[in-house]
A.B. asks: 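Provided herewith is a single structure, encoded as structure tokens, for subsequent inquiry.
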Amino acid sequence: MADYSKEEIRRIEEKWRANWIKNRVYKTDIDPAKPKYYVLDMFPYPSGAGLHVGHPLGYIASDIVARYKRIKGFNVLHPMGFDAFGLPAEQYALEHGIHPAVSTQQNIETFKRQLGQIGFCYDWSREVQTCDPSYYKWTQWIFLQIFDSWYNRRKQQAGRISTLIEILALEGNTNHPFPSSKSRTRDGKEVFSASEWKEFNEKTKQEILMHYRLAYLAYTDVNWCEALGTVLANDEVINGVSYRGGFPVVKRQMRQWSLRITEYAERLLSGLDQIDFSESMKDIQRNWIGKSEGARIEFQVKSEKGTVTSMTVFTTRPDTIYGVDFMVVAPEHDMVKQITSKAQQQEVDAYLKYVESRSEIDRMAEVKKITGCFTGAYAINPMSKKETPIWISEYVLAGYGTGAIMGVPCGDERDYKFAKHFKLPITNIIGSHYDGSEANPTFDAILENSGSLNGMVMRDAIPVVVSELEKLVAGASQINYKMRDAGWSRQRYWGEPFPVVYREDMPYAMDEADLPLTLPDSDNFKPSGSGEGPLANIPDWISFAPGQKRDSSTMPTHAGAAWYFLRYMDPHNDKEFADRKSLDYWNQVDVYIGGSEHAVAHLLYSRLWVKILHDLGYLNFDEPFKKLINQGKITGDSRFVYRLRGKNTYVSSGLIGQFETDPLHVDVSLANGLELDVEGFKKSRPDYANAEFVLENGKYICGSAIEKMSKSKYNVVNPDDIIGRYGADTLRMYEMFLGPLEQSKPWSTNGIDGVYKFLRKFWNLFHDGSGTFSVNGDAPSPDELRTLHKTIKKVQHDIESFSFNTSVSEFMICANELTGLKCNKRQVLEPLVVALSPFAPHVCEELWSLLGYDRTILEATYPAVEEKFLQVSSHAYPISINGKVRATMEFALDMPAAEMERIVLASESILKWTDGKPPRKVIIVPGRIVNIVL
RNA sequence: GCCCGGGUGGUGGAAUUGGUAGACACGCAGGACUUAAAAUCCUGUGAGCAGUAAUGCUUGUACGGGUUCAACUCCCGUCCCGGGUACCA
């Protein structure tokens, strides 16, 4: 008896999975004869909780694509690995004393076992783990390449530091100014000559080079989290608190590694046009990069010391230059000290003290609060020559633009509020567009009170002002980016050590031959608290030789993840990060599937590393991912019980208004829908054994909420349970059937029976009533062929457009139709097995072998869609009159429109509807509809 | 506040991008098989009205307008929901 029963499913699935492993069916090698296709999943962080039903959603989709492409004749690279460094393992070590290496390996084993059950076609021989020294050797090696690089703005690409040294020795830095406007030589110079360069000693030279390196060490403002004892990246800080734990975060200066990603801002931005990411994903990256075009304008400053200095502002609206009523600089700005007058000194000091006292959280919470202080100095407007007061205010950020702005209250909301608050005069340059009650940032006003610009439309005035400023040597057009350089140091143990050696406080690259610099074994994972990482607890390792020290920080998890997709191409290479032949062959990732939460960090860093490696000549492509699909998150559906305060009595959710209760999460598996399994609940925990209940209509109804799936909320549904009940094929198809891949949705097993029934129905097509395998070789009927071709055409189209939910529906329709036709013909069923195999690989392999094919993989190609068949086939055209459908008529699809029109208009039933009136026009949409307009 | 998505039956969701709205599935109702239940199969299922019935008509894709022979789809306005971002000059 071969019913599609639970036992039979288990037998089939175990049989084929064993077969795949034994025969290494999914092992992939370079094959120049075939086109390649690279399908990549975002590799998981192996958390202790194991896999829940949300994880496989994207993996199933990518597996379908990989199998489909393989059937289509592509050589498919479909690897999997683990992002195994990271904070949770370290926290776990702190709490339980288990070394991160140990817990990480255990977790990876669990993940691999669970992934194995779902029937993925990964080439496990290519597995990578970022915490493996043979892997992070190359993470460190790439870091050193970045350290040994600078960004040549003239060529718009990275070059080796040696080329920079040659240039500096030849011409100083006049043609290649410091990338950061704040950089200076040791003696305070922005520009130096070739001869000056030659005079510098080794340390000074190294310091200067550091200002150019793409991986550099500098004192930077970092987000310091006292509770975690570590520095956090900007994207790890949310609303002024740490993203893990929610601990307060303050700004602090520390000597940190950074990546000069800002040099790549423009290329990261323009590169988006060449890759297929969703618009929203591109928008998130564009916002993050935050390009804004405007002008830099220089104002002479008149202080008590005379006109001794100048200040530069950045503005996107140089056209409003005549509307400047005041200037504002950031409290941290260097010039504050220089320009403050004696009369204002006390007030300024008090204000600076106040600003310093405010934490990030305060500042964020009170963004609308207006504060500020006059410096006593004035700025001279380069166009109008008008003198305006210079103020300090925290609403101007030191880190953006020049840290100083020109205040135009009639056109800018914040400037307006500032002027009103401090009762500063407001000049109106936009006539009736400004009504005195709020600022108006229009571009369309005709300028007034604007000297030479009077009468011009604002948007047209922008280039005019810029060119006038250029003539006055008081400004130029300028582009600014919001994006900051990426902090690359973490005060943590479980990460890649920096492969550098400090001599006289300057870092030098380690020899390639000495890599990897392995993470020393330790049992003390506590941060040193001073700001140094746990590695500082191992002095022998830090100060490993006289006069030489190592870095006590490690790299962020982003480091290992920034290039793992390259390592998959040649994972066992111990001479290079991957050999050139593999890199050129596998090339870009054709489809990358993963969550949208990595929009700014991981995806930007990966794109950066690939661009740098490209510039240095290691890669022939400069975008890693051709296409990105963001699968939605599967959320949990939690259940609650309501306990009477202080009692062991539980109140049904409809009645809680009458009592004082506390909600408690209860395991989802104990509820059937919303109804609690009271007996099961009592048995679930000893302290529930004597529970009492206040029921409604004899039932206990739980509360519910849609929340993130997590252990602590008891709403985790494990894929193993679903596989145990229905098999992996049903799980795979059900997760696809749930809805569009990109959409987030709560997990629910409503409807999983429908998918299971489909598979059984499909199985039964190949079996007679008694469960015996039975197909016949008769020629298919037109109806059967129609169903077959329609299904294959639609399914192909759906897979190509990542619309897997509708693919599943198509298969269901197909099975229904063939069941209705009682079709068990080999010629129809064989192609369907091939078409379905990406979705339900186990059952399809079984059927394939029952059909008599002795092959380990289904390598048939999809039968070409028979366009000919579709053309001769007919379509029931709805005939509408003035847009309203009145009848249907059957026509061949290849009938000329004129012929159809003649037949339609001659039809008696149509004449009845039109009262014999001749139509104004007849619209015929081939394959769709005929519309008669009266 | 700003920038993206989105709003379709009792539910999840289809609609080939302007061409018969509600495919497919769940749920529900009725029926068949059964001593009975489960399982399975069949039929019906947006709402409203008329009809014994086949069927016919009206209405219907968050709300209000518009364009069109024809609008879930395009345009204008409003209201909700989700995501991103936030003193970025």
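Residue numbers start from 1 in every chain, and the chains themselves are labelled A, B, ... in the order their sequence lines are given, proteins ahead of strands. Values in this document were obtained by computation on a predicted structure and should not be read as measured data.
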A.B. asks: Just to be sure I understand the rule, does Tyr481(A) reach a base, reach only the sugar-phosphate, or reach nothing, if contact means heavy atoms closer than 4.0 Å?
C.D. replies: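 Touches nothing.
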A.B. asks: From the options rA25(B), rG13(B), rA23(B), select the nucleotide whose nearest atom is closest to the side chain of Met812(A).
C.D. replies: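 Nearest to the side chain of Met812(A) among the choices is rA25(B).
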A.B. asks: Quote, to the nearest angstrom, the C1' distance that separates rG84(B) from rC76(B).
C.D. replies: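 Comparing C1' positions in rG84(B) and rC76(B) gives a spacing of 27 Å.
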A.B. asks: Nearest to the side chain of Thr806(A), which nucleotide is it out of rC57(B), rA14(B), rA89(B)?
C.D. replies: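 The answer is rA14(B), which lies nearest to the side chain.
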A.B. asks: Quick one: Leu765(A) CG to rC41(B) P, roughly how many Å, whole number?
C.D. replies: 13 Å
A.B. asks: For the residue pair Phe422(A) and Trp391(A), does the interplanar ring angle fall in the parallel (under 30°), tilted (30 to 60°) or perpendicular (over 60°) class?
C.D. replies: tilted
A.B. asks: For rU20(B) and rC3(B), measure between their P atoms and round to the nearest Å.
C.D. replies: 35 Å
A.B. asks: Rounding to an integer number of angstrom, what distance separates rU68(B) and rC74(B) when you compare their C1' atoms?
C.D. replies: 10 Å
A.B. asks: Under the salt bridge (charged side-chain N to carboxylate O under 4.0 Å, His left out) definition, can you give me all pairs with a residue in residues 319-329 of chain A, not counting sequence neighbours?
C.D. replies: Arg317(A)-Asp319(A), Asp325(A)-Lys386(A)
A.B. asks: Select base, sugar-phosphate, or nothing to describe what Ala876(A) touches, counting heavy atoms under 4.0 Å on all strands.
C.D. replies: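 Result for Ala876(A) = base.
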A.B. asks: Between rC79(B) and rC72(B), how far apart are the two P atoms, rounded to whole Å?
C.D. replies: 24 Å
A.B. asks: May I have the distance from Glu742(A) (atom CD) to rG12(B) (atom P), rounded to whole angstrom?
C.D. replies: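 Going from CD in Glu742(A) over to P in rG12(B) covers 19 Å.
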A.B. asks: If you check the Tyr400(A) side chain, which of rA89(B), rU40(B), rG84(B) turns out closest?
C.D. replies: rA89(B)
A.B. asks: For the pair made of CD1 in Ile813(A) and P in rA15(B), what is the distance, rounded to whole Å?
C.D. replies: 11 Å
A.B. asks: For His875(A), is the NE2 atom crowded, meaning more than 12 foreign heavy atoms sit under 6.0 Å from it?
C.D. replies: yes
A.B. asks: Going by the glycosidic torsion and a 90 degree boundary from 0, is the base of rU17(B) oriented syn or anti?
C.D. replies: syn
A.B. asks: Kindly indicate whether the side chain of Ile923(A), heavy atoms from C-beta on, has any atom under 4.5 Å from the side chain of Arg928(A).
C.D. replies: no
A.B. asks: So what does Val885(A) touch, heavy atoms closer than 4.0 Å: a base, only the sugar-phosphate, or nothing?
C.D. replies: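 Here Val885(A) touches the backbone only, sparing every base.
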A.B. asks: Which residue, Ser280(A) or Ile405(A), contacts RNA chain B at a nucleotide closer to its 5' end, judged by nearest heavy atom?
C.D. replies: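 By nearest-heavy-atom nucleotide position, the 5'-most residue is Ser280(A).
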A.B. asks: Does the side chain of Ser744(A) come within less than 4.5 Å of Thr635(A)'s, by heavy atoms?
C.D. replies: no
A.B. asks: Using salt bridge (Lys or Arg N to Asp or Glu O under 4.0 Å), reason through Glu266(A) and Lys291(A) one step at a time and then give a plain yes or no.
C.D. replies: CA-CA 8 Å; Glu266(A) 190 56 43; Lys291(A) 180 180 184 172; 3.0 Å; yes
A.B. asks: Can you see if the side chain of Asn816(A) gets near the phosphate of rA25(B) - specifically, an N or O under 4.0 Å from OP1 or OP2?
C.D. replies: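 Looking at the OP1 and OP2 atoms of rA25(B), one of them is under 4.0 Å from a side-chain N or O of Asn816(A).
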A.B. asks: Which of these nucleotides, rA89(B), rC3(B), rG13(B), is closest to any side-chain atom of Phe314(A)?
C.D. replies: rA89(B)
A.B. asks: Measure the distance from NZ on Lys282(A) to P on rC3(B) and round it to the nearest whole Å.
C.D. replies: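 So the two atoms are 20 Å apart, to the nearest Å.
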A.B. asks: State whether Gln743(A) places a side-chain N or O below 4.0 Å from either non-bridging phosphate oxygen (OP1 or OP2) of rG13(B).
C.D. replies: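 For Gln743(A), the contact criterion (side-chain N or O under 4.0 Å from OP1 or OP2 of rG13(B)) is met.
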A.B. asks: For rC24(B), does either OP1 or OP2 sit under 4.0 Å from a side-chain N or O belonging to Asn805(A)?
C.D. replies: no
A.B. asks: Side chain of Pro740(A), heavy atoms from C-beta onward: which of rA14(B), rA23(B), rA89(B) has the nearest atom to it?
C.D. replies: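 Closest of the options to the side chain of Pro740(A): rA14(B).
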A.B. asks: Any N or O donor-acceptor pair under 3.5 Å from the base of rU16(B) to the side chain of Arg928(A)?
C.D. replies: yes
A.B. asks: Base, sugar-phosphate or nothing for Ile923(A)? Non-hydrogen atoms, less than 4.0 Å.
C.D. replies: base
A.B. asks: Please say which of Leu57(A), Leu738(A), Asn715(A) ends up in a side-chain contact (heavy atoms from CB on, under 4.5 Å) with Trp747(A).
C.D. replies: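 Option passing the side-chain contact (heavy atoms from CB on, under 4.5 Å) with Trp747(A): Leu738(A).
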A.B. asks: Look at the side chain of Lys757(A) and decide which nucleotide, out of rU20(B), rA89(B), rC26(B), has an atom nearest to it.
C.D. replies: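 Nearest listed nucleotide: rC26(B).
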A.B. asks: Just to verify, what does Lys745(A) make a side chain to side chain donor-acceptor pair (under 3.5 Å) with, not counting sequence neighbours?
C.D. replies: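 Scan of Lys745(A) (side chain to side chain donor-acceptor pair (under 3.5 Å), adjacent residues dropped) gives none.
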A.B. asks: Does a side-chain heavy-atom distance below 4.5 Å link Glu298(A) with Leu469(A)?
C.D. replies: no
A.B. asks: When all nucleic acid strands are considered with a 4.0 Å heavy-atom cut-off, which category describes Lys794(A): base, sugar-phosphate, or nothing?
C.D. replies: nothing
A.B. asks: Any idea which of rA25(B), rG19(B), rA89(B) is nearest the Val396(A) side chain?
C.D. replies: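 Given the options rA25(B), rG19(B), rA89(B), the side chain of Val396(A) is closest to rA89(B).
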A.B. asks: Please report the distance separating the C1' of rG10(B) from the corresponding atom of rG44(B), rounded so that it comes out in whole Å.
C.D. replies: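 Per the computed distance, 16 Å lies between those C1' atoms.
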A.B. asks: Taking atom P in both rC80(B) and rC63(B), compute the distance separating them and give it to the nearest angstrom.
C.D. replies: 15 Å
A.B. asks: Between rG13(B), rA89(B), rG19(B), which one does the side chain of Ile929(A) approach most closely?
C.D. replies: rG19(B)
A.B. asks: What interatomic distance, in whole Å, is found between C1' of rC75(B) and the corresponding atom of rG1(B)?
C.D. replies: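 Here rG1(B) and rC75(B) have their C1' atoms 26 Å from each other.
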A.B. asks: Need one value for Asn480(A): base, sugar-phosphate or nothing, where a base atom within 4.0 Å counts as base even if backbone is also close, heavy atoms only.
C.D. replies: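 It contacts nothing in the nucleic acid.
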A.B. asks: So if I take every side-chain heavy atom of Glu394(A) and compare against rC87(B), rC26(B), rG84(B), which nucleotide ends up nearest?
C.D. replies: rC87(B)
A.B. asks: Among rG84(B), rA23(B), rG19(B), which is the nearest nucleotide to the side chain of Ile284(A)?
C.D. replies: rG84(B)
A.B. asks: Distance check needed: rG19(B) P versus Lys884(A) NZ, whole Å only.
C.D. replies: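 Whole-Å distance recorded here is 18 Å.
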A.B. asks: Roughly how far apart, to the nearest Å, are rG83(B) and rG30(B) at atom P?
C.D. replies: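 The same atom, P, in both gives a distance of 41 Å.
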A.B. asks: Dot-bracket for RNA chain B, please, read 5' to 3', with Watson-Crick or G-U wobble pairs under 3.5 Å on both distances, ( ) within the strand, [ ] crossing, | other strand, . unpaired.
C.D. replies: (((((((..(((......[....)))((((((.......))))))(((((....)))))..(((((..]....))))))))))))....
A.B. asks: Would you call Arg286(A)-Glu279(A) a salt bridge at under 4.0 Å N-O?
C.D. replies: yes
A.B. asks: For a quick test of reading the model: is some side-chain N or O of Ser292(A) closer than 4.0 Å to OP1 or OP2 of rA89(B)?
C.D. replies: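 Yes, because at least one side-chain N or O of Ser292(A) sits under 4.0 Å from OP1 or OP2 of rA89(B).
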A.B. asks: Assign rG66(B) to syn or anti; the rule is syn for a glycosidic angle within 90° of 0 and anti otherwise.
C.D. replies: anti
A.B. asks: Please state whether the rings of Tyr4(A) and Trp763(A) are parallel, tilted or perpendicular, taking 30° and 60° as the class boundaries.
C.D. replies: tilted
A.B. asks: Just checking Asn882(A): base, sugar-phosphate only, or nothing, at a heavy-atom cut-off of under 4.0 Å?
C.D. replies: sugar-phosphate
A.B. asks: Output the rounded distance in Å from CG (Asp415(A)) to P (rC87(B)).
C.D. replies: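 Rounded to whole Å, this separation is 15 Å.
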A.B. asks: Could you tell me how far apart Asn287(A) (CG) and rC3(B) (P) are, to the nearest whole angstrom?
C.D. replies: 10 Å
A.B. asks: Describe the nucleic acid contact of Asp753(A) in one word from base, sugar-phosphate, nothing, applying a heavy-atom distance below 4.0 Å.
C.D. replies: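 No contact.
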A.B. asks: Taking atom P of rC24(B) as reference, at what distance in whole Å does atom CZ of Phe758(A) sit?
C.D. replies: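 Answer to the nearest Å: 14 Å.
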A.B. asks: Can you tell me how the ring of Phe737(A) sits relative to the ring of Tyr734(A), calling it parallel under 30°, perpendicular over 60° and tilted otherwise?
C.D. replies: tilted
A.B. asks: Over all strands shown, is Arg296(A) touching base, sugar-phosphate only, or nothing at heavy-atom distances under 4.0 angstrom?
C.D. replies: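 Contact class for Arg296(A): none.
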A.B. asks: Please check the phosphate of rA39(B) (OP1 and OP2 only) for any side-chain N or O of Arg760(A) closer than 4.0 Å.
C.D. replies: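 So the side-chain polar atoms of Arg760(A) never come under 4.0 Å of the phosphate oxygens OP1 or OP2 of rA39(B).
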